[in-house]
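Heads up: the structure comes next, in structure tokens.
Only this structure's heavy atoms are used, side chains among them; waters, hydrogens and symmetry mates stay out.
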Amino acid sequence: MESMKIGFVGGDGRMLECAKELAAKGFETAVCGFDEYPDTGDAIRTDLGGAVTGSCAVVLPLPCCTHADI
């Protein structure tokens, strides 16, 4: 698992918790855009290029909308 890198770009605390959990399980995990959250656990805080370069998967935030937004 150490050879599998997963990048997380933006999002909220739920995504960061997922990144922290995967990092704790041994995945190389890079996060970008979580500046309001000081604790990233074992996940590596980086910029956009660092989060996506070499990643096997990149997790992006889903936009939240209501019927009124459509």
(message) I want to check something: taking the side chain as every heavy atom from C-beta on, are Tyr37 and Asp12 in contact at a cut-off of under 4.5 Å?
(response) yes

(request) Could you tell me whether the side chain of Ile6 reaches within less than 4.5 Å of the side chain of Glu28, counting heavy atoms only? (result) no

(message) Tell me every residue that passes side-chain contact (heavy atoms from CB on, under 4.5 Å) with Thr46, counting only those two or more places apart in sequence or in another chain.
(response) Ala30, Ala51

(request) Might you point out which heavy atoms bring Gly10 and Met15 nearest each other, and give the distance in Å? (result) O-CE, 3.3 Å

(request) Give a yes or no on whether the backbone of Ala57 and the side-chain of Lys5 come within a donor-acceptor separation of less than 3.5 Å. (result) no

(request) Taking the side chain as every heavy atom from C-beta outward, state whether Val9 and Val58 have any pair of such atoms under 4.5 Å apart. (result) yes

(message) Using the side-chain contact (heavy atoms from CB on, under 4.5 Å) criterion, which residues pair with Thr40? Sequence neighbours excluded.
(response) Leu16, Val31, Ala43, Arg45

(message) Working to the nearest 0.5 angstrom, can you tell me the gap between Thr29 OG1 and Glu21 CD?
(response) 10.0 Å

(request) Name all residues meeting the salt bridge (Lys or Arg N to Asp or Glu O under 4.0 Å) criterion together with Asp42; count only those two or more places apart in sequence or in a different chain, and write none if there are none. (result) none

(request) Find the distance between CZ (Phe8) and CG (Leu22) and round it off to the nearest 0.5 Å. (result) 5.0 Å

(message) Using salt bridge (Lys or Arg N to Asp or Glu O under 4.0 Å), reason through Glu17 and Arg14 one step at a time and then give a plain yes or no.
(response) CA-CA 5 Å; Glu17 287 303 315; Arg14 296 170 295 181; over 6 Å; no

